[in-house]
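Numbers here simply count residues along the sequence, with the first being 1. Every number for a ligand or one of its atoms is a count from 1 in the order of the listing.
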Amino acid sequence: MTDATLVLVLNSGSSSVKYQLIDMADGSRPAAGLVERIGEPSFPADHAAAIGLIGAELREKGLGLDSPRIAAIGHRVVHGGRYFSRPALITDRVLDEVRRLVPLAPLHNPANITGIEITRALRPDLPQVAVFDTAFHATIPESAARYAIDTELADEYAIRRYGFHGTSHQYVSRHTAELLGRSPESVNVIVLHLGNGASASAVAGGVCVETSMGLTPLEGLVMGTRSGDLDPAVLLHLQRVAGMSVEEVDVLLNRRSGLKGLCGDNDMREVTRRMAEGDQRATLAFDVYIHRLRKYVGAYTAVLGRVDAIAFTAGVGENSAAVRAAAMANLDALGVELDPALNAVRSAEARLVSTESSRIAVAVVPTDEELEIAEQTFAVIRRTDE
Ligand code: ADP
């Protein structure tokens, strides 16, 4: 081992690249940023230009992409299909597999691949690791992963429930156990990742057994702009009766639904502000959002049998006391008692917001996907060093 202890975490999206440089020796983050609006006039022309800008920002801090202190690059990759159930050291073969999965994530995987190709060309000597959004959910049993459709057809087209936000669910479930002072193996947790995208997971003894997103990130909870669950016949109906095309339905469900579709605003801050002014549509949107969330909490309680903690995370989960209060209201029969005073406290720390007598602990655990990616990346390269 050298004293290279920095991991560069890259999240290449279709029009942006996010980065963080994390020092695994002490947890410090010497650099972080976001290059946006790739391809728009007067912004970076393409991903290569965006990563060039990131290189320049890093160089200003004396830690250019060529720095010997960088041990590895960790890439967030959205879809790992059934092939990847753990992070993978990137080789030509791994990259080919990620390319093969493009039909399952046509918007996301191509941008992830482009990011990897560019950094591999810039630093062919540096180990690079792919950390998949789906990997943590690879353990969900067939009974939860299968859609009840023709098995041969489903297998031919790889149609099953994969789940997403896995890096966050993994990080938060582990840190919830830590907050309780217990080992992850001894704790059953329901994780509610409520950001712009939103998903729930049931984690039994550190192993994910159910999650709300499916083949794509559209299934499950009500989100900022995505519908979550709906009768699949709604799509057929819209195509037959409203004459909508496949693309139009895609845009409707992914970008014009959820809170946005219900009330015109996708930001929970705006929704609760309007509610306080007595706005009916915003109130309905909030109610639909909460109803869905509570349904999942009930369902996952049955899936797990015994629940030790419910953990809220991501933008809404970490910041909206109103969402937490409504989602956890009147659950005494389940053993959940929120402490209103603790719930109202704003903090960036992991914390409990339930009463001492609550049988199920309710926690707010800020997620840190970048740190989780860096840790997994570092673990992979240390294994390969041995
Ligand atoms: P992403 O899914 O884009 O990573 P985040 O986890 O950052 O999203 O969550 C973004 C969302 O968090 C915003 O759209 C907003 O609805 C919500 N949010 C952020 N801050 C607050 C707050 N103080 N109160 C309520 N909601 C908030």
Side-chain angles (χ1 to χ4, degrees), residues 9-20 32-37 76-78 105 107-108 111-112 131 133 163-172 175 191-201 211-213 216-228 254-277 279 281-283 285-290 292-293 311-328 343-351 353 364-373:
V9 177
L10 280 185
N11 181 351
S12 310
S14 55
S15 67
S16 70
V17 181
K18 277 194 237 170
Y19 72 96
Q20 275 195 19
L34 165 70
V35 178
E36 301 182 274
R37 304 177 73 173
R76 174 186 182 227
V77 178
V78 168
L107 296 180
H108 295 104
N112 304 153
V131 179
D133 241 29
F164 299 87
H165 290 148
T167 310
S168 177
H169 287 283
Q170 185 167 9
Y171 178 90
V172 171
H175 283 263
V191 178
L192 303 172
H193 176 111
L194 311 176
N196 224 335
S199 61
S201 70
T211 192
S212 61
M213 284 177 167
T216 76
L218 193 50
E219 191 178 344
L221 301 176
V222 176
M223 314 188 200
T225 65
R226 295 189 204 126
S227 61
N254 278 295
R255 295 203 239 133
R256 292 173 45 214
S257 297
L259 293 172
K260 175 106 182 159
L262 286 163
C263 77
D265 274 308
N266 63 292
D267 192 311
M268 189 55 85
R269 282 166 290 203
E270 206 44 34
V271 175
T272 44
R273 191 193 58 73
R274 283 172 54 189
M275 269 171 71
E277 291 172 351
D279 185 312
R281 277 183 68 196
T283 305
F286 185 85
D287 290 348
V288 174
Y289 184 98
I290 296 296
R292 185 81 51 84
L293 197 52
F312 285 84
T313 194
V316 176
E318 291 166 28
N319 297 300
S320 178
V323 165
R324 293 193 300 263
M328 299 286 99
N343 186 46
V345 174
R346 292 192 60 88
S347 162
E349 301 288 309
R351 59 200 185 274
V353 293
V364 179
V365 178
T367 192
D368 195 339
E369 290 166 273
E370 285 77 15
L371 180 58
E372 183 68 31
I373 291 173

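- Annotation: atom 17 (C) of ligand 1 to nearest protein heavy atom, V316 CG2, 3.6 Å.
- Within a 6.0 Å sphere centred on CZ of R273, other residues, nucleotides and ligands contribute more than 12 heavy atoms.
- Taken from CG in N196 to CZ in R226, the straight-line distance is 8.0 Å, to the nearest 0.5 Å.
- At a distance under 4.0 Å, a protein heavy atom can be found next to atom 24 (N) of ligand 1.
- Taking every heavy atom of G197 and a limit of under 4.0 angstrom, the matching atoms of ligand 1 come to 2 (O).
- Of the inter-residue distances, the one linking F164 atom CZ with L218 atom CG reads 10.5 Å to the nearest 0.5 angstrom.
- At under 3.5 Å, not a single nitrogen or oxygen of G195, backbone or side chain, sits near a nitrogen or oxygen of ligand 1.
- Between G315 and ligand 1, at least one pair of N/O atoms sits closer than 3.5 Å.
- With hydrogens and angles disregarded, a donor-acceptor distance shorter than 3.5 Å links the side chain of R292 to the backbone of G220.
- Listed by number with element, the atoms of ligand 1 under 4.0 Å from a non-hydrogen atom of M268 are 15 (C), 16 (O), 26 (N).
- Classification of R274 and E277 as a salt-bridged pair fails, no side-chain N sitting under 4.0 Å from a carboxylate O.
- Per-residue contacts place A314 under 4.0 angstrom from the following atoms of ligand 1 (heavy atoms of the residue considered): 6 (O).
- Of the polar atoms of N196, at least one N or O is found under 3.5 Å from an N or O of ligand 1, judged by distance alone.
- In summary, the side chains of N112 and R76 do not present any donor paired with an acceptor at a separation below 3.5 Å, with no hydrogens or angles considered.
- For atom 15 (C) of ligand 1, the nearest protein heavy atom (residue, atom name, distance) is D267 OD1, 3.2 Å.
- Using bins of under 30°, 30° to 60° and over 60° for the plane-to-plane angle, the ring pair H193/H165 lands in the parallel bin.
- On a distance-only criterion, S320 and ligand 1 share no N/O pair closer than 3.5 Å.
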